[in-house]
Amino acid sequence: MSSPRSVRAHWPAPSPSGPDPFTQALAIAARTEGTGRVAAAQPALLTRIQSIGRRRKGIRTSAIWGGTLKDNEVGPAVYVDFLGAALAAGTYRAAPVAVVAGEGLDKIPEALARLRKGVSAQKLVVRL
């Protein structure tokens, strides 16, 4: 009996400065034993395009669509019952710490340029 395998990761959009993280996750899943599934929080079309050819290696891919949370029990459980109290108590922290890239609408192009150059493990914020 083959054991299940999964590759769980959270990643930002692909960076022009390096390999696409979704492609990296697919490559890792291809090297593991058992059956495989990689779920990506990126557009479903992009997920389908990148997964072509991976099915032959036994890897199934799917996209996670955050909009469904409003239509099921998960959204209220997270956003009503858990998150507010956990943030207030400090048991859940927003991470990574925001890096302020500027203040005002005129700073948005600079922040986008910085993002395009490649940002790793940072959350860029432009204060309005």
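- Closest heavy-atom contact between K123 and A94: NZ-CB, 4.2 Å.
- Counting only residues at least two apart or on different chains, the ring-ring contact (aromatic ring centres under 6.0 Å, His included) pairs with a member in residues 85-127 are F82-Y92.
- Clustering ILVMFWY residues whenever any of their side-chain heavy atoms sit less than 4.5 angstrom apart, transitively, puts V99 in the very cluster that holds V119.
- To the nearest 0.5 Å, atom CD1 of residue I108 and atom CG of residue L115 are 12.5 Å apart.
- Following chains of ILVMFWY side-chain contacts shorter than 4.5 Å, one can reach L112 starting from L105, so the two form part of one hydrophobic cluster.
- Considering E110, E103, K107 as possible partners of V126, the one that fulfils the side-chain contact (heavy atoms from CB on, under 4.5 Å) test is K107.
- Looking at residues two or more places apart in sequence or on another chain, you find no side chain to side chain contact (heavy atoms under 4.5 Å, CB included) involving S120.
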